[in-house]
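Data block below; observations after.
Residues: numbered from 1 along the sequence shown.
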Amino acid sequence: MEKTALNIDIKEEQKKAQELVKKQGLRVLVCAGTGCVANGSLKVIEKFKELGANVSILSDYDKMTTVPTGCHGFCEQGVLVVIPDKHVTYVKVKEKDVEEIYESHIKNDKPVERLLYVDPKTHEKVLDDAHINFYAKQTRTALANCGNINAECIDEAIAVRGYEALANVLEEGNPDTVIETIEKSGLRGRGGGGFPTGRKWRFTAANRGGKSYVVCNGDEGDPGAFMDRSVMEGDPHKLLEGIAIAAYAIGADEAYIYVRAEYPLAIKRLRKAIKDAEERNFLGKNIMGSDFSLEIHIKEGAGAFVCGEETALIASIEGERGMPRPKPPFPANKGLFGRPTLINNVETLANVPVILLNGADWFAKMGTETSKGTKTFALTGEVNNTGLIEVPMGTTLREIVFDIGGGMRDGKKFKAVQIGGPSGGCLTEEHLDIPMDYDNLIKAGAMVGSGGLVVMSEKTCIVEVARFFMNFTQHESCGKCVPCREGTKNMLKILEKIVAGKGEMSDLDTLEELAHAVKDGSLCGLGKTAPNPVLSTLKYFRDEYIAHIKDKKCPAGVCTAMKKVVINEALCKGCTKCARTCPVGAIEGTVKNPHHINQEKCIKCEACFASCPFRAIVLE
């Protein structure tokens with residue numbers, strides 16, 4: 001094919017954009033992702049801007065620019081302020097701290113030590129993120145620009161090679177070469193299923209010639225997952241570029257980004273990014289002077305977990321109730337409005353421009369034999385460092401929990417990790433050293449899923465964790481197929497019975513039988529994976545289920561129904577304060593004589609604890 005002469009010189013655009021960034025002088029990067037905004041980052045930004053407006057000369061800089069960025073990832077430490085030229089990262093910054101940072105460090109090169117990150121292992125203060133263990137062991141591709149650029153400024157995106165890959169693709173004029181590169185890279189879908197991306201593109205491209213669509217799945221319904229949100233908020237132009245390249249490769253001229261309405265900041269920044277890209281002719285009609293045109297729409301979803309399934313997502317965009325349909329036909333042949341449709345999630349598409357800029361071999365060198373590249377994870381739970389991370393496929397749980405995560409919080413003992421959210425499974429200490437990729441996790445009874453990682457200690461009740469996730473999936477079931485609708489309901493009833501201390505040993509066999517029936521008989525991925533947390537916890541922590549049933553004890557001391565509030569009669573003085581506090585009259589006894597608690601009446605509200613001046617009330 002002949003090369004296409006473009007009317008935009010992307011390298012020249014980059015030079016102009018880089019000059020604009022350079023003219024900003026000293027850049028102060030303040031996290032303006034959803035988490036930090038909730039912690040007050042907008043006030044921090046305004047205070048820095050106020051001080052920066054008065055700068056006349058600042059050592060080597062004649063200007064200071066406050067740059068509101070997307071998520072830096074280290075959410076627990078927000079608000080984060082990074083000054084790259086000063087090689088410093090400040091954590092937990094408040095509005096009242098800004099003036100001190102300005103006067104002490106920006107003007108006089110004296111870091112504000114009290115705002116530096118403290119390593120949980122060494123207890124030493126760390127100056128910049130290059131030496132913060134949370135960042136040091138990450139490899140960022142999809143998240144490379146998040147936290148480093150102003151997400152609402154297209155020039156900052158262009159300055160870091162935004163739209164260069166798209167320009168190269170359009171100039172080359174060969175969509176098949178694009179698909180070959182993605183196939184060679186080994187990129188697999190980051191939404192949970194792990195289907196080879198290039199293969200999916202080729203299936204859809206086989207229908208070139210008529211109307212077709214690209215759909216970006218930004219629904220992200222897993223509890224605690226925010227990987228896709230961070231990309232949309234922090235680097236929207238990378239996502240738009242990935243969508244445009246995918247559309248060119250399969251022959252589509254229209255695309256939809258499906259985003260849950262609970263992501264207002266992501267939606268706002270995407271809308272602005274689309275508008276700015278259209279004004280610069282990176283989107284819209286005859287992009288960069290080529291014969292390729294693309295219109296991108298945003299569809300706000302109502303927040304149904306099932307709409308993460310591609311056929312339910314399609315139904316929702318079409319204005320129908322979000323319910324899955326049987327496959328085949330697959331979306332590649334008959335998808336949105338009955339036309340061939342390519343569906344990828346946000347993280348998958350964000351990797352596309354990076355692969356095309358650096359080459360398939362570069363991407364394929366990261367990861368494992370069957371799972372190439374990097375993966376983002378939302379690291380939460382009982383670790384010192386929680387937040388959003390990106391690591392090469394094949395990184396072990398041990399590295400994530402004890403290096404990046406900084407180890408267990410408050411010296412607690414590691415117990416397990418729930419990986420993949422409601423669709424995933426529970427892994428134990430014996431799995432700490434397996435390379436985490438699609439295949440190894442499935443063998444272990446879990447899955448990568450969208451990337452949720454919940455770290456649990458000995459203070460976590462595994463049975464309650466299974467009940468929590470089953471409660472979520474049961475409520476999110478669309479109800480279309482009987483195995484999921486009725487199976488998850490009955491599984492939840494059994495789990496509730498067990499945590500209430502009313503379980504029987506026969507319940508475990510019934511629970512397992514139901515789990516396999518739901519897994520084998522459900523219509524869509526939600527139902528097929530809903531039993532995973534139950535099956536994996538039954539496999540690795542069956543003794544904990546048995547303790548709940550036989551001994552009527554929760555080993556972690558979490559399940560309320562199995563707690564027993566008692567009065568130590570040796571310490572009780574019979575003051576009656578606890579009896580007067582008890583809302584249900586469960587405490588019995590006479591004045592100046594030891595009291596006791598009627599266990600049948602006690603609701604375990606623990607109101608009596610605070611009222612006892614002699615600390616005679618204990619929990620068994």
Q: Please tell me if the side chains of Val417 and Leu453 come closer than 4.5 Å, counting only heavy atoms from C-beta onward.
A: yes

Q) Can you tell me how far the OG1 atom of Thr368 sits from the CG atom of Asp437, to the nearest 0.5 Å? A) 3.5 Å

(Q) Tell me whether Lys334 at atom NZ has more than 12 heavy atoms from other residues, nucleotides or ligands lying less than 6.0 Å away. (A) no

(Q) Please evaluate residues Arg271 and Glu300 with respect to the criterion salt bridge (charged side-chain N to carboxylate O under 4.0 Å, His left out), reporting the C-alpha separation (whole Å), side-chain torsions for both, the decisive distance (0.1 Å), and the verdict. (A) CA-CA 12 Å; Arg271 290 195 192 283; Glu300 294 184 40; 3.1 Å; yes

(Q) Please give me the minimum heavy-atom distance between Ala350 and Ala142, naming the atom from each residue. (A) CB-CB, 4.3 Å

Q.
Is there a side-chain contact between Ser185 and Asn351 in this structure, where contact means two heavy atoms from C-beta onward sitting under 4.5 Å apart?
A. no

**Q.** Residue pair Ala205 / Ala249: nearest heavy atoms and the distance that separates them
**A.** CB-O, 4.0 Å

**Q.** Ser477 (side chain) donor-acceptor with Thr473 (main chain) under 3.5 angstrom
**A.** no

Q) Got more than 12 heavy atoms from elsewhere within 6.0 Å of CD, Glu318? A) yes

Q) Where the side chain of Glu512 meets the backbone of Leu535, is there a donor-acceptor pair that is under 3.5 Å apart? A) no

Q | Arg190 side chain vs Arg188 backbone, donor-acceptor pair below 3.5 Å | A | yes

**Q.** From Ile343, Leu342, Asp253, Thr341, residue fulfilling side chain to side chain contact (heavy atoms under 4.5 Å, CB included) relative to Tyr213
**A.** Thr341

Q: Starting at CG of Asp219, measure out to CG of Leu313 and round the result to the nearest 0.5 Å.
A: 6.5 Å

Q) Counting only N and O atoms by type, is there a donor-acceptor contact under 3.5 Å from the side chain of His548 to the main-chain atoms of Tyr545? A) no

Q. Could you go step by step and tell me if Asn207 and Asn333 meet the side-chain contact (heavy atoms from CB on, under 4.5 Å) rule?
A. CA-CA 7 Å; Asn207 297 295; Asn333 298 314; 3.4 Å; yes

Q) Out of Glu347, Gln138, Glu390, which one pairs with Thr376 under the side chain to side chain donor-acceptor pair (under 3.5 Å) rule? A) Glu347

Q: For the pair Glu254 and Arg339, find out whether any cationic side-chain nitrogen is under 4.0 Å from an anionic carboxylate oxygen.
A: no

Q.
Under a 4.0 Å threshold between the charged nitrogen and the carboxylate oxygen, would Glu183 count as salt-bridged to Arg202?
A. yes

Q | Side chain Lys415, main chain Thr460, donor-acceptor under 3.5 Å | A | yes

Q: Would you check if there is a donor-acceptor pair between the side chains of Glu309 and Thr311 at a distance under 3.5 Å?
A: yes

Q | More than 12 heavy atoms of other groups within 6.0 Å of Glu369 CD | A | no

Q: Look at atom NZ of Lys553 and say whether more than 12 heavy atoms of other residues, nucleotides or ligands are closer to it than 6.0 Å.
A: no

Q | Side chains of Thr537 and Val463 in contact at under 4.5 Å (non-hydrogen atoms) | A | no

Q. Would you say Val178 and Trp201 make side-chain contact, with heavy atoms under 4.5 Å?
A. yes

Q | Matching residue for Asp507 among Lys497, Lys493, Lys502 - test: salt bridge (charged side-chain N to carboxylate O under 4.0 Å, His left out) | A | Lys497

Q | Donor-acceptor pair, side chain of Thr396 and main chain of Asp433, under 3.5 angstrom | A | no

(Q) Can you confirm whether Lys550 is buried at NZ, in the sense that more than 12 heavy atoms of other residues, nucleotides or ligands lie under 6.0 Å from that atom? (A) no

Q. What are the two closest heavy atoms between Val534 and Leu495, and how far apart are they?
A. CG2-CD1, 3.9 Å

Q. Do we see a donor-acceptor contact under 3.5 Å between the side chains of Thr374 and Thr141?
A. yes

Q: Check whether any side-chain heavy atom of Leu239 lies under 4.5 Å from a side-chain heavy atom of Met232, and answer yes or no.
A: yes

Q.
Using a 6.0 Å cut-off, check whether atom CZ of Arg321 has over 12 heavy atoms from anything other than its own residue.
A. no

**Q.** Modelled atom types, side-chain donor and acceptor of Asn345 and Thr348, under 3.5 Å
**A.** yes

Q) Do any N or O atoms from the side chain of Ser212 and from the backbone of Arg208 form a donor-acceptor pair under 3.5 angstrom? A) no

Q. Looking only at heavy atoms, what is the nearest atom pair of Gly194 and Tyr438, with distance?
A. CA-CE2, 3.5 Å

Q | Heavy-atom side-chain proximity of Pro533 to Gln418 below 4.5 angstrom | A | yes

Q. Between atom NZ of Lys443 and atom CG of Asp439, what is the distance when rounded to the nearest 0.5 Å?
A. 6.5 Å

Q) Counting N and O atoms only, with roles assigned by atom type, does the side chain of Asn532 sit under 3.5 Å from a partner on the main chain of Ser423, one being a donor and the other an acceptor? A) yes

Q | Lys/Arg-Asp/Glu bridge criterion (N-O < 4.0 Å) met for Arg325, Glu320 | A | no

Q. With a 4.5 Å limit on heavy-atom distance, are the side chains of Ile462 and Tyr540 in contact?
A. no

Q: Specify the closest pair of heavy atoms between Gly527 and Val518, including all atoms of both residues, with the distance to one decimal.
A: O-CG1, 3.3 Å

Q: May I ask you to check whether Thr34 and Glu233 show a side-chain donor-acceptor distance below 3.5 Å?
A: yes

Q) How far apart are the C-alpha atoms of Ile296 and Glu278, what are their side-chain angles, what is the distance that settles it, and do they pass the side-chain contact (heavy atoms from CB on, under 4.5 Å) test? A) CA-CA 10 Å; Ile296 298 181; Glu278 286 175 343; over 6 Å; no

**Q.** Separation between CZ of Arg467 and CD of Gln474, rounded to the nearest 0.5 Å
**A.** 11.5 Å

Q. Is there a donor-acceptor pair under 3.5 Å between the side chain of Thr488 and the backbone N or O of Cys484?
A. yes

Q.
I need the Thr380 OG1 to Met456 CE distance, nearest 0.5 Å.
A. 9.5 Å

Q. Is there a donor-acceptor pair closer than 3.5 Å between any side-chain N or O of Lys272 and the backbone N or O of Glu152?
A. yes

Q.
What I'd like to find out is whether the side chain of Val231 reaches to under 4.5 Å of the side chain of Leu143, using heavy atoms alone.
A. yes

Q) How about Lys275: does its NZ atom have over 12 heavy atoms from other parts shown lying under 6.0 Å from it? A) no

Q: For the pair Lys327 and Glu310, find out whether any cationic side-chain nitrogen is under 4.0 Å from an anionic carboxylate oxygen.
A: yes

Q | Heavy-atom closest contact (Met562 atom, Cys554 atom, distance) | A | SD-N, 3.6 Å

Q) How far does NZ of Lys552 sit from SG of Cys559, to the nearest 0.5 angstrom? A) 12.0 Å

